[in-house]
Amino acid sequence: MADRPYILLSCGTSIDGYLDNGSEHRLMLSNDADLDRVDEVRAGCDAILVGAATVRADNPRLVVRDRLRREKRVANGLPPTPAKVTVTGHAQLDPRARFFRTGGNEKLVYCASAAVTGARERLGQVATVIDGGEPVEMTRMSEDLYTRGVRRLMVEGGGRIHTQFLTAGLADELHLVIAPFFVGDSRARRFVEDGRFPWHPDRHAELVDVRRIDDVVLLRYALSQRFQWD
Ligand SMILES: NC(=O)c1ccc[n+]([C@@H]2O[C@H](COP(=O)([O-])OP(=O)(O)OC[C@H]3O[C@@H](n4cnc5c(N)ncnc54)[C@H](OP(=O)(O)O)[C@@H]3O)[C@@H](O)[C@H]2O)c1
């Protein structure tokens with residue numbers, strides 16, 4: 001396999017494993033202290049990736065919020081906030097979304113081959129559109145990100161994206177935060193979809209840390225030999 005970045009998956013779920021509650025409103029699965037922890041993790045990465053459905057549903061900024069962290073990155077010769085990356089098959093993304101408008105940093109759109117021309121017309125002013133194959137293949141995309149200088153990639157969801165990184169064996173580390181409530185609605189998105197995962201009853205993922213953060217809990221798993229304590 002060619003070089004790829006160190007890949008850290010980050011996710012918050014309800015006690016019953018849901019990423020959202022199936023409504024059009026963003027579900028808060030974190031608290032202030034945990035959001036600050038996520039900000040610190042972001043500040044240590046070269047790029048942050050989410051799926052196109054998350055860009056549409058949550059309209060996230062995906063920037064480093066803390067001024068001192070941004071200044072520290074700049075002092076180290078980095079852009080104030082990591083590059084942003086998304087993946088799409090149909091490229092129905094709004095160039096006015098916060099993903100594209102905020103951060104003043106590089107935005108990369110890995111698009112399925114058939115939609116690349118339309119994506120470049122729609123998003124060419126605000127992002128670099130890359131042909132990612134049909135469909136976009138996570139290993140190939142990861143290797144391409146490496147050639148663009150991304151050494152540490154943070155994947156922030158949603159479930160379809162997490163599933164592909166996990167089943168492809170690309171994830172080096174997982175941060176799973178459990179919020180103290182249930183969703184109880186199977187129309188909502190789960191952390192992962194069905195799939196063949198490298199970790200199962202006969203091969204356990206390695207739990208390396210458990211941390212209480214106010215009313216949520218952070219579970220940290222090492223998923224590869226490349227796992228690094230920071
Ligand atoms: N709790 C959390 O930590 C957290 C974090 C992030 C998101 N979320 C929630 O998760 C939900 C979204 O999750 P999701 O699983 O529905 O979607 P997602 O993983 O965010 O994005 C899925 C979309 O990405 C594109 N895509 C994914 N794999 C692709 C491939 N191999 N080739 C081409 N395109 C590909 C497709 O975009 P197109 O449809 O454009 O073709 C697909 O519809 C939202 O409700 C959001 O609020 C929660």
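Counting convention: from 1, in listed order, for ligands and their atoms alike. Residues take their numbers from the sequence shown, with the count starting at 1. If you're wondering where the values come from, they're calculated on a predicted model, not measured in any experiment.
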Inset, instruction - Using a strict cut-off of less than 4.0 Å between a Lys/Arg side-chain nitrogen and an Asp/Glu carboxylate oxygen, indicate whether R69 and D39 qualify as a salt bridge. - result: yes
Which pairs of donor and acceptor atoms, one on a side chain in residues 206-216, lie under 3.5 Å apart (sequence neighbours left out)?
{"residue": "R212", "atom": "NE", "partner": "D214", "partner atom": "O", "Å": "3.0"}
{"residue": "D215", "atom": "OD1", "partner": "N31", "partner atom": "ND2", "Å": "2.9"}

Inset, instruction - Mind checking the CG-CD1 spacing from L166 to I161? Nearest 0.5 Å is all I need. - result: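 Separation between the atoms: 11.0 Å.
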Legend entry - Atom pair CG/CD1 of L9 and I7 - distance to nearest 0.5 Å: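 Going from CG on L9 over to CD1 on I7, the span is 8.0 Å.
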Extract all N/O-N/O pairs under 3.5 Å that connect ligand 1 to the protein, and present each with both atom names and the distance rounded to 0.1 Å.
{"residue": "ligand 1", "atom": "1 (N)", "partner": "G12", "partner atom": "O", "Å": "2.8"}
{"residue": "ligand 1", "atom": "1 (N)", "partner": "L19", "partner atom": "O", "Å": "3.4"}
{"residue": "ligand 1", "atom": "3 (O)", "partner": "G12", "partner atom": "N", "Å": "2.9"}
{"residue": "ligand 1", "atom": "15 (O)", "partner": "G159", "partner atom": "N", "Å": "3.0"}
{"residue": "ligand 1", "atom": "15 (O)", "partner": "R160", "partner atom": "N", "Å": "2.8"}
{"residue": "ligand 1", "atom": "15 (O)", "partner": "R189", "partner atom": "NE", "Å": "3.2"}
{"residue": "ligand 1", "atom": "15 (O)", "partner": "R189", "partner atom": "NH2", "Å": "2.9"}
{"residue": "ligand 1", "atom": "16 (O)", "partner": "R189", "partner atom": "NE", "Å": "2.9"}
{"residue": "ligand 1", "atom": "19 (O)", "partner": "G158", "partner atom": "N", "Å": "3.2"}
{"residue": "ligand 1", "atom": "19 (O)", "partner": "R160", "partner atom": "N", "Å": "3.3"}
{"residue": "ligand 1", "atom": "19 (O)", "partner": "I161", "partner atom": "N", "Å": "3.1"}
{"residue": "ligand 1", "atom": "20 (O)", "partner": "T54", "partner atom": "N", "Å": "3.2"}
{"residue": "ligand 1", "atom": "20 (O)", "partner": "T54", "partner atom": "OG1", "Å": "2.5"}
{"residue": "ligand 1", "atom": "20 (O)", "partner": "G158", "partner atom": "N", "Å": "2.9"}
{"residue": "ligand 1", "atom": "21 (O)", "partner": "A53", "partner atom": "N", "Å": "3.3"}
{"residue": "ligand 1", "atom": "24 (O)", "partner": "A52", "partner atom": "N", "Å": "3.4"}
{"residue": "ligand 1", "atom": "24 (O)", "partner": "V87", "partner atom": "O", "Å": "3.4"}
{"residue": "ligand 1", "atom": "28 (N)", "partner": "Q164", "partner atom": "NE2", "Å": "2.8"}
{"residue": "ligand 1", "atom": "31 (N)", "partner": "V136", "partner atom": "O", "Å": "2.8"}
{"residue": "ligand 1", "atom": "31 (N)", "partner": "Q164", "partner atom": "OE1", "Å": "2.8"}
{"residue": "ligand 1", "atom": "32 (N)", "partner": "V136", "partner atom": "N", "Å": "3.0"}
{"residue": "ligand 1", "atom": "34 (N)", "partner": "G89", "partner atom": "N", "Å": "3.1"}
{"residue": "ligand 1", "atom": "39 (O)", "partner": "R56", "partner atom": "NH2", "Å": "2.7"}
{"residue": "ligand 1", "atom": "40 (O)", "partner": "R56", "partner atom": "NH1", "Å": "2.9"}
{"residue": "ligand 1", "atom": "40 (O)", "partner": "R56", "partner atom": "NH2", "Å": "3.3"}
{"residue": "ligand 1", "atom": "40 (O)", "partner": "T88", "partner atom": "OG1", "Å": "2.6"}
{"residue": "ligand 1", "atom": "41 (O)", "partner": "G89", "partner atom": "N", "Å": "2.7"}
{"residue": "ligand 1", "atom": "41 (O)", "partner": "H90", "partner atom": "N", "Å": "2.9"}
{"residue": "ligand 1", "atom": "41 (O)", "partner": "H90", "partner atom": "ND1", "Å": "2.9"}
{"residue": "ligand 1", "atom": "43 (O)", "partner": "R160", "partner atom": "NH1", "Å": "3.2"}
{"residue": "ligand 1", "atom": "45 (O)", "partner": "D20", "partner atom": "OD2", "Å": "2.4"}
{"residue": "ligand 1", "atom": "47 (O)", "partner": "D58", "partner atom": "OD1", "Å": "2.7"}
{"residue": "ligand 1", "atom": "47 (O)", "partner": "D58", "partner atom": "OD2", "Å": "2.9"}

Inset, instruction - Flag the pair L93 / L123 as yes when at least one side-chain heavy-atom distance between them is below 4.5 Å, and no otherwise. - result: yes
Legend entry - Over-ring placement of R151 relative to Y146, 6.0 Å and 45° cut-offs: yes
